[in-house]
Amino acid sequence: LRRGQIVLLDGGLATELEASVGDVFDLRDPLWSARMLIDDPNAIRTVHQRYLEVGSQIITTATYQATFEGFSKRGLNQEQSNEVFQSAIRIAQEAIQQFMEHNNDQTIQRPLIASSLGPYGFSLLVHLTCRCSFV
């Protein structure tokens, strides 16, 4: 990225997942979009590809609400949880690779991947009543 360059980031992953998989996707799940890394990684790949096709230059991983504790509650051990985190990056890389192969225009800059990091500290305090402001 160049200083002062304007880039287009993808949009709401959860919103697009709702639109593409409907009732299968449930925002009430504590893992939010990260649940789909376990249940339907192809749905995430498809959403990434849609964002790339409409011009996103950066796509974000489906890890905003992902935590080791959350995965543990789904029955995954530490090693399996690590694999899920790594799969989020791999899925984004695969979407970019597929996009680049289908768009062999040499003027297209290879899109980037940003890791989506949610309010992990807040997830540790769910049993407390607090008013939080995330900036």
Side-chain angles (χ1 to χ4, degrees):
L1 297 174
R2 295 183 314 268
R3 179 176 285 245
Q5 177 184 3
I6 296 172
V7 294
L8 184 59
L9 184 67
D10 64 2
L13 185 62
T15 302
E16 286 302 309
L17 282 168
E18 275 187 311
S20 58
V21 295
D23 294 340
V24 175
F25 182 69
D26 185 359
L27 276 175
R28 294 173 295 180
D29 190 291
L31 291 174
W32 289 8
S33 303
R35 176 186 143 226
M36 300 305 277
L37 291 168
I38 301 166
D39 295 344
D40 192 356
N42 285 326
I44 293 171
R45 185 178 298 102
T46 298
V47 170
H48 285 326
Q49 289 168 335
R50 286 182 187 162
Y51 277 121
L52 292 167
E53 290 297 330
V54 296
S56 292
Q57 296 163 294
I58 301 174
I59 56 175
T60 54
T61 60
T63 52
Y64 180 77
Q65 200 65 7
T67 63
F68 287 104
E69 292 84 358
F71 290 141
S72 174
K73 289 177 183 173
R74 293 292 296 266
L76 278 64
N77 64 30
Q78 183 83 20
E79 185 178 329
Q80 292 167 322
S81 297
N82 281 331
E83 174 55 34
V84 173
F85 277 109
Q86 291 173 8
S87 76
I89 297 165
R90 219 174 18 256
I91 291 166
Q93 289 171 328
E94 291 166 359
I96 289 172
Q97 185 61 37
Q98 193 169 32
F99 170 75
M100 295 302 290
E101 288 171 3
H102 287 97
N103 295 282
N104 43 357
D105 179 352
Q106 299 301 316
T107 62
I108 295 177
Q109 186 176 13
R110 186 174 189 83
L112 301 174
I113 299 169
S115 182
S116 182
L117 304 173
Y120 177 73
F122 184 73
S123 73
L124 301 176
L125 302 173
V126 294
H127 62 283
L128 299 177
T129 303
C130 65
R131 292 180 359 161
C132 301
S133 175
F134 299 102
V135 181

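Below, each value reflects all heavy atoms present in this structure, side chains not excepted, and no hydrogens, waters or symmetry copies.
- Counted by atom type alone, Q97 and E101 present one or more donor-acceptor pairs between their side chains at under 3.5 Å.
- Side-chain contact between R50 and T46: present, with at least one pair of heavy atoms (C-beta onward) separated by less than 4.5 Å.
- Of all heavy-atom pairs between V7 and I58, the closest is CG2-CD1, 3.8 Å.
- Using modelled atom types, one side-chain atom of T61 and one backbone atom of S116 make a donor-acceptor pair closer than 3.5 Å.
- Legend: residues meeting side chain to side chain donor-acceptor pair (under 3.5 Å) with E94, ordered by chain and number and at least two apart, are R45.
- Residues L31 and Q65 are not in side-chain contact: their nearest non-hydrogen atoms beyond the backbone lie 4.5 Å or more apart.
- No side-chain heavy atom of I89 sits less than 4.5 Å from a side-chain heavy atom of Q86.
- Residue V47 comes nearest to S20 through the heavy atom pair CG2-OG, 3.9 Å, listed as atom of the first residue, atom of the second, then distance.
- Between atom CG of residue L37 and atom OG1 of residue T63 there is a gap of 7.5 Å, rounded to the nearest 0.5 Å.
- In this structure, E16 contributes its side chain and L13 its backbone to no donor-acceptor pair below 3.5 Å.
- Of all heavy-atom pairs spanning I91 and P41, the tightest one is CD1-CB, 3.5 Å.
- F68 approaches S81 most closely through the heavy-atom pair CD2-CB, 3.5 Å.
- A donor-acceptor pair is defined here as one N or O able to donate and one able to accept, closer than 3.5 Å; such a pair exists between the side chain of Y51 and the backbone of G12.
- Rounded to the nearest 0.5 Å, atoms CZ (F85) and CD (E83) are 12.0 Å apart.
- Summarising the local packing, CD of Q5 is surrounded by more than 12 heavy atoms from other residues, nucleotides or ligands at distances under 6.0 Å.
- Heavy atoms only, all atoms of each residue included: G55 and L8 are closest at O-CD2, 3.4 Å.
- Using cut-offs of 30° and 60° on the angle between ring planes, the pair Y64 and W32 is parallel.
- A 4.5 Å side-chain heavy-atom check between R74 and D39 finds at least one atom pair inside the cut-off.
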